[in-house]
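All residue numbers refer to positions in the sequence shown, counting from 1.
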Amino acid sequence: MTDKPSVLFVCVHNAGRSQMAAGWLRHLAGDTVEVRSAGSAPATTVNLAAVEAMAEVGIDITDQTPKLLEYTTAESSDVIITMGCGDVCPVFPGKRYEDWKLEDPAGKDVDAVRPIRDEIRTRVEQLLTELRPTV
């Protein structure tokens with residue numbers, strides 16, 4: 001990893017889980033980590049329930065847009081966290097991979113998204129403690 005590690009969060013639509021994870025990491029790490037997110041089949045907008053759930057904890061993700069997972073983005077990331085993107089995610093030797101089994105917030109209201117948001121926060125906090133020796 002470089003002096004500033006890069007973390008890529010990937011899910012299918014890049015509209016809920018990966019956007020919330022990226023929002024948490026930006027919030028908790030500041031500019032000490034390069035945060036990226038993408039999807040294997042990106043939606044047109046970020047999930048509104050995810051936006052609302054994150055706003056409740058003071059994190060604004062309204063400026064984010066779903067992005068297509070690109071080979072070069074994955075290749076240049078130090079850590080790749082997948083959240084249900086399946087076999088679409090490219091694998092590169094020497095990268096750290098984690099697959100987070102998380103419920104998909106698609107089609108759920110904010111009450112159902114809050115527990116997903118909170119589980120993502122816990123996982124991001126753990127990831128950050130593991131990255132801190134290099135941060």
| query | Will you find, in the side chains of Ser77 and Arg36, an N or O donor that is under 3.5 Å from an N or O acceptor? | reply | yes

| message | Could you check whether any side-chain N or O of Asn47 sits under 3.5 Å from a backbone N or O of Ala15, counting only pairs where one atom can act as donor and the other as acceptor? | response | no

| query | Quick one: does Lys4's side chain get under 4.5 Å of Thr32's, heavy atoms only? | reply | no

| said: Are the side chains of Leu25 and Leu128 in contact, using a 4.5 Å heavy-atom criterion? | reply: yes

| query | Got Ser18 and Val10 here, is their nearest side-chain heavy-atom distance under 4.5 Å? | reply | no

| Between Leu8 and Ile81, is any pair of side-chain heavy atoms under 4.5 Å apart? | no

| said: Using every non-hydrogen atom in the two residues, find where Ala50 and Gly16 come nearest and quote the distance to one decimal. | reply: CB-CA, 4.2 Å

| Electrostatic pair Lys95-Glu75, nearest N-O below 4.0 angstrom | no

| field | Check: Gln19/Asn14 side-chain N/O donor and acceptor closer than 3.5 Å | value | yes

| Point-to-point distance, once rounded to the nearest 0.5 Å, from CG of Asp60 to CZ of Arg26 | 11.0 Å

| request: Look only at the side chain of His13 and the backbone of Ala41, and say whether a donor-acceptor pair between them is shorter than 3.5 Å. | output: yes

| request: Could you check if a side-chain atom of Leu102 sits within less than 4.5 angstrom of a side-chain atom of Arg123, using non-hydrogen atoms only? | output: yes

| Taking a hydrophobic cluster as the set of Ile, Leu, Val, Met, Phe, Trp and Tyr residues connected by side-chain heavy atoms closer than 4.5 Å, whether directly or through intermediates, do Leu48 and Val57 fall within one such cluster? | no

| request: Using the rule that two of Ile, Leu, Val, Met, Phe, Trp, Tyr join whenever any of their side-chain heavy atoms come within less than 4.5 Å, decide whether Leu68 and Val12 are in one cluster. | output: no

| field | Leu28-Val79 co-clustered via ILVMFWY side chain contacts under 4.5 Å | value | yes

| said: So that I can tick it off, tell me whether Arg17 and Glu103 are bridged by a salt bridge, with the cut-off set at under 4.0 angstrom between side-chain N and carboxylate O. | reply: no

| said: If I take atom CD from residue Glu125 and atom CG from residue Leu127, how far apart are they, to the nearest 0.5 angstrom? | reply: 11.0 Å

| request: Indicate if Val110 and Ile59 have the same hydrophobic cluster label, given that clusters are the connected sets of ILVMFWY residues with side-chain heavy-atom separations under 4.5 angstrom. | output: no

| task | Side-chain contact test, heavy atoms from C-beta onward, threshold under 4.5 Å: evaluate it for Met54 versus Trp24 and give yes or no. | result | yes

| request: Rounded to the nearest 0.5 Å, what's the gap from CD1 on Ile120 to CZ on Phe9? Could you check? | output: 9.0 Å

| note | Looking only at heavy atoms, the pair that brings Pro42 and Ser40 closest together is CD-C, 3.8 Å

| Step by step, would you call Thr62 with Val46 a side chain to side chain contact (heavy atoms under 4.5 Å, CB included)? | CA-CA 8 Å; Thr62 58; Val46 175; over 6 Å; no

| salt bridge (charged side-chain N to carboxylate O under 4.0 Å, His left out) assessment of Arg96 paired with Glu98 | CA-CA 7 Å; Arg96 174 179 169 182; Glu98 290 186 25; 2.4 Å; yes

| query | Looking only at heavy atoms, what is the nearest atom pair of Ala53 and Arg117, with distance? | reply | O-NH1, 2.7 Å

| Minimum side-chain heavy-atom gap Tyr97-Asp99 below 4.5 Å | no

| task | Could you check Val7 against Glu34 for side chain to side chain contact (heavy atoms under 4.5 Å, CB included), going step by step and ending with a plain yes or no? | result | CA-CA 6 Å; Val7 176; Glu34 183 179 351; over 6 Å; no

| message | With heavy-atom distances below 4.5 Å as the criterion, would you say the side chains of Ser37 and Lys67 are in contact? | response | yes

| said: How long is the straight-line distance from OG1 of Thr73 back to CD1 of Ile80, given to the nearest 0.5 Å? | reply: 9.5 Å

